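One structure is given below, encoded as C-alpha cells.
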Amino acid sequence: MLEFKAQICSILSQLTSLPGDEVETLLEIPPEAELGEYAFPCFVLARQMKKAPPEIARELASRITPTALLEKAHPVGPYLNFHIRRSGLIRGLLPAILEGRGTERAAQEGRGKTVVIDFSAPNIAKPFGVGHLRSTVIGHALYRIYQELGYQAVGINHLGDWGTQFGKLIVAFRRWGENERLQEDPVQYLYHLYVRFHQEAAGDEALEEEARQWFLSLEKDHPEALALWERFRQLSLQEFKRIYAYLGIEFDQYQGESFYNTMLEQTLQLAREKGLAKESQGALVADLEPHGLPPCLLQKKDGATLYITRDLAAAIYRQQQYRFDKLLYVVGAEQTLHFRQLFKMLELMDFAWAKNCVHVPFGLIHFKDGRMSTRQGKVIFLEDVIQRAVELAQRIIEEKNPGLQEKEKAARMVGLGAVIFGDLVNDRVKDIEFDWDKVLDFSGETAPYIQYSHARICSILRKVSRGAAPEQAAELGLLTAPEEEQLVLTLARFEEQIMRAAADYRPSYLAHYLVNLARDFNRFYHSCPVLTAEENIMEARLVLIDAVRVTLAHGLELLGIEAPEKM
Ligand code: ARG
C-alpha cells in the first residue's frame with residue numbers, strides 16, 4: 001500500500017508541480033472502501049490553477065493512465081480518488097508478508113535516528129500501581145513500534161529512587177522496621193512504612209523534621225543513610241524486575257533519579273549562568289512567569305534538590321549520551337505542568353533539541369470492580385490486577401476448551417494480553433473505565449478476540465499440516481470474493497497504521513486495526529470455506545489466512561502481547 005501511495009505522490013507531483021511530500025501529507029483515506037484507497041483534495045490547487053476544485057479533479061483524472069498497481073483515478077466532487085488494482089496488490093503483498101517483508105517500507109522511516117523513551121518509572125516505597133501500568137504498556141508499545149520503523153530505541157526506566165520520601169523511609173525503618181518483613185515483601189512493606197510514617201507524623205511534627213534531616217544526610221553521603229537507601233532500592237528493584245520479566249519487558253537502562261546526583265551541581269551552575277535560576281531567600285528558583293508558567297524551584301534553601309532538577313540533568317545527559325532525535329516521556333497527564341516547565345527551561349538554556357522532547361500523557365484508570373481498589377487504601381497493586389486477569393482467563397479457557405494442553409501458558413498469554421490491550425485500545429488521553437467482563441470478552445474489541453482469531457487460523461493450518469506456500473498458489477488471482485478483497489485491503493494497511501501510531505504516539509490505532517483485521521478475517525471465514533474449497537482456491541485461501549496469521553501475531557507483538565497457537 002505504501003508503494004501505491006508513493007506512486008500516487010509521484011504522479012501527482014509531476015502533474016501539479018506540488019512537491020511529493022506535500023502531496024503525501026494532503027492525501028486522505030476515503031471513508032468508504034468503494035471510494036478507493038486514497039483521495040487527493042483538489043482545493044489546494046484552485047488558486048494556482050484558477051479553476052474550481054471539481055474541474056481540477058476531472059482534468060487531472062483524464063491525464064492519469066493506469067499502471068500495474070493503479071487501476072484508476074476518478075473524480076468525486078472536489079476530490080481525486082485512487083483505486084488500487086487488487087490483483088496487483090494481492091500478488092505483491094501476500095508473498096511479501098509471508099517472507100517477512102511486510103513492513104519493509106515503513107522500516108525506512110527511522111533509519112539512522114534515535115528515540116529515547118522514558119517509561120514505567122515506578123517509585124521506590126510506593127507500590128507499582130496501575131498508573132505505572134499505563135506508562136509501562138504504552139511506553140513499551142511505542143518502544144516496539146519505533147523499533148519496527150527502524151529507529152534505534154533506548155528504553156529508560158527513570159526510577160523514583162531519590163527524594164524526600166527516602167528521609168521518611170529511613171526514619172520509619174529505624175523506628176519500626178523489621179528486617180524479615182522487608183526481606184519478604186519489600187515493595188509492600190516499604191509502602192506500609194511510608195503510610196505509617198504519615199499517620200504518625202500527623203500527631204508528631206518532629207518526625208517530619210527528622211525525615212528532612214535524614215534526606216539531607218543522604219544527599220551528603222552519610223554512610224548509614226546510604227546503606228539503608230541502597231538496600232531499599234535493591235530489594236524494590238528486584239521486585240520490579242520480576243514484574244517486568246512476567247510482562248516480557250526489558251529496559252536498556254535503569255537510570256533512576258539518583259543516577260543524576262553527581263550532575264546536579266553542574267546543571268544548577270548552567271542554569272545560573274544562563275540567567276535562568278536566581279537565589280531567592282536562600283533557595284534557587286527559575287522565574288517562568290514571563291512564559292506564562294509558575295516559578296520553578298530548583299534547590300531548596302537547605303540545599304536539597306528536586307524532581308525537576310534531576311529531570312533537567314537527565315535530559316541534558318541523555319542528549320549527550322544518545323544524541324536523540326526524539327525524547328518521549330510517557331507519564332500521566334497530572335504531570336503536564338512539570339513537563340511544560342522542564343521543556344521551557346531546556347529551551348531557555350538554549351538547547352535547540354528542547355523542541356524534540358515530548359510529553360506523552362495519559363489519563364487515569366478506574367476499576368469497575370470495587371474489590372480491586374481497597375486492599376490498602378486507594379492504591380491498586382499491579383500484581384493483583386495481573387493475577388486476577390490470569391485467573392479469569394484460566395476459568396474461561398477451562399470452560400471453552402477443557403482438553404487444551406499447556407492451559408496455564410495460554411491463560412497467562414490471554415490474561416496478560418487482556419490487561420495490556422484493555423489499556424492500549426483506549427485513546428490514551430482519556431480516562432479508562434476498566435471492566436473485567438469487557439476486556440476478557442472473546443468477541444469484543446479485546447486481545448482474546450484477536451488471539452482467538454489467530455489460534456483459529458493456526459488450527460486450520462495444522463489440519464493441512466503445513467504452512468501455505470505462496471509459490472504454489474499461483475492462483476492468488478482467484479481471491480476475488482468481496483470478503484477476500486476486503487481482507488487483503490485491510491492487510492495492506494498494516495504498515496500505515498504502525499506509522500500513524502508512532503507519529504501520534506498512539507498505540508490505540510494499531511490496537512483498533514488489529515480488531516478490524518480479526519473481524520475481517522472472521523467475516524471472510526464465515527462465507528469462504530478454506531479446507532473444503534476446490535484445490536486451487538484452497539491454496540490461495542491458505543496463503544491469505546497465513547498472511548493474516550502473521551500480521552495478527554506481528555501486530556500483537558508490537559503491542560507487547562503474545563499470541564498462543566492454541567487456546
Ligand atoms: N517516578 C515518577 C512518578 O511515578 C515518574 C517519572 C517519569 N519520568 C521522568 N523523567 N520524570 O510519578
Side-chain angles (χ1 to χ4, degrees), residues 1-8 32-38 65-73 82-106 450 452-497 513-514 516-555 563 565:
M1 191 62 88
L2 291 180
E3 194 178 319
F4 181 51
K5 195 175 181 183
Q7 280 189 14
I8 297 174
E32 275 154 58
E34 298 83 70
L35 292 173
E37 281 57 58
Y38 292 100
T65 45
T67 68
L69 208 49
L70 171 63
E71 188 171 273
K72 63 173 180 193
F82 293 85
H83 294 249
I84 198 164
R85 193 183 295 283
R86 313 237 161 140
S87 55
L89 172 67
I90 290 176
R91 260 189 281 276
L93 179 70
L94 298 184
I97 292 176
L98 295 189
E99 286 158 19
R101 293 184 286 106
T103 55
E104 231 173 16
R105 269 183 174 265
I450 300 166
Y452 187 63
S453 308
H454 172 267
R456 207 162 169 189
I457 300 176
C458 291
S459 136
I460 302 170
L461 294 173
R462 268 196 305 274
K463 290 198 182 112
V464 290
S465 65
R466 60 176 160 78
E471 64 282 4
Q472 279 171 25
E475 309 295 345
L476 289 178
L478 295 171
L479 298 171
T480 52
E483 294 83 1
E484 291 169 331
E485 290 196 336
Q486 182 53 51
L487 192 50
V488 172
L489 286 174
T490 305
L491 275 175
R493 296 278 187 195
F494 183 50
E495 275 188 297
E496 216 172 21
Q497 294 299 337
Y513 168 80
L514 292 175
N516 288 335
L517 181 58
R519 202 163 275 160
D520 286 343
F521 162 72
N522 286 303
R523 274 192 200 127
F524 151 83
Y525 195 52
H526 186 74
S527 49
C528 304
V530 176
L531 297 176
T532 55
E534 218 176 284
E535 177 82 16
N536 49 358
I537 294 188
M538 175 179 88
E539 288 297 339
R541 288 184 180 162
L542 284 173
V543 173
L544 176 58
I545 65 170
D546 205 17
V548 175
R549 175 187 67 84
V550 168
T551 307
L552 289 175
H554 190 169
E565 291 181 5

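All values derive from a computational prediction rather than experimental measurement.
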Please assess Ile97 against Phe494 for the test side-chain contact (heavy atoms from CB on, under 4.5 Å), listing each intermediate value before the final yes or no. CA-CA 10 Å; Ile97 292 176; Phe494 183 50; over 6 Å; no

Please evaluate residues Leu89 and Phe4 with respect to the criterion side-chain contact (heavy atoms from CB on, under 4.5 Å), reporting the C-alpha separation (whole Å), side-chain torsions for both, the decisive distance (0.1 Å), and the verdict. CA-CA 9 Å; Leu89 172 67; Phe4 181 51; over 6 Å; no

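- With hydrogens and angles disregarded, a donor-acceptor distance shorter than 3.5 Å links the side chain of Glu495 to the backbone of Ala106.
- Looking at heavy atoms from C-beta onward, Ile545 lies in side-chain contact with Phe524 at the 4.5 angstrom threshold.
- Contact detail for Ala547 and Leu94: the closest heavy-atom pair is CB-CD2, 3.8 Å.
- Side-chain atoms of Glu475 do not come within 3.5 Å of backbone N or O of Asn536 as any donor-acceptor pair.
- The shortest side-chain heavy-atom distance between Asn522 and Arg456 falls under the 4.5 Å cut-off.
- Residues Arg549 and Cys458 approach most closely at CD-SG, 3.8 Å, considering heavy atoms.
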Start with the C-alpha gap between Ile457 and His454, add the side-chain angles, then the distance that decides, and say whether side-chain contact (heavy atoms from CB on, under 4.5 Å) holds. CA-CA 5 Å; Ile457 300 176; His454 172 267; 5.9 Å; no

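- Listed here is the closest heavy atom pair of Arg85 and Pro66: NH2-CB, 3.6 Å.
- Between the CG atom in Leu489 and the CG atom in Asp520 there is a gap of 9.0 Å [rounded to 0.5 Å].
- At a threshold of 4.5 Å between non-hydrogen side-chain atoms, the residues Glu3 and Arg105 count as touching.
- For the salt bridge (Lys or Arg N to Asp or Glu O under 4.0 Å) test, residues two or more places apart in sequence or in another chain that qualify with Arg493 are Glu496.
- Annotation: side-chain hydrogen bond (donor to acceptor under 3.5 Å, both in side chains) contacts involving residues 480-489, sequence neighbours excluded, comprise Arg86-Glu485, Glu483-Ser527, Glu484-Arg541, Gln486-Thr490.
- The closest side-chain heavy-atom distance from Leu517 to Leu487 is below 4.5 Å.
- Between the side chain of Asp546 and the backbone N or O of Leu542, no donor-acceptor pair lies under 3.5 Å.
- We find the NE2-CG distance between His83 and Leu35 to be 7.0 Å, quoted to the nearest 0.5 Å.
- Summarising the geometry of Leu479 relative to Ile90, their closest heavy-atom pair is O-CD1, 3.6 Å, with the distance given to 0.1 Å.
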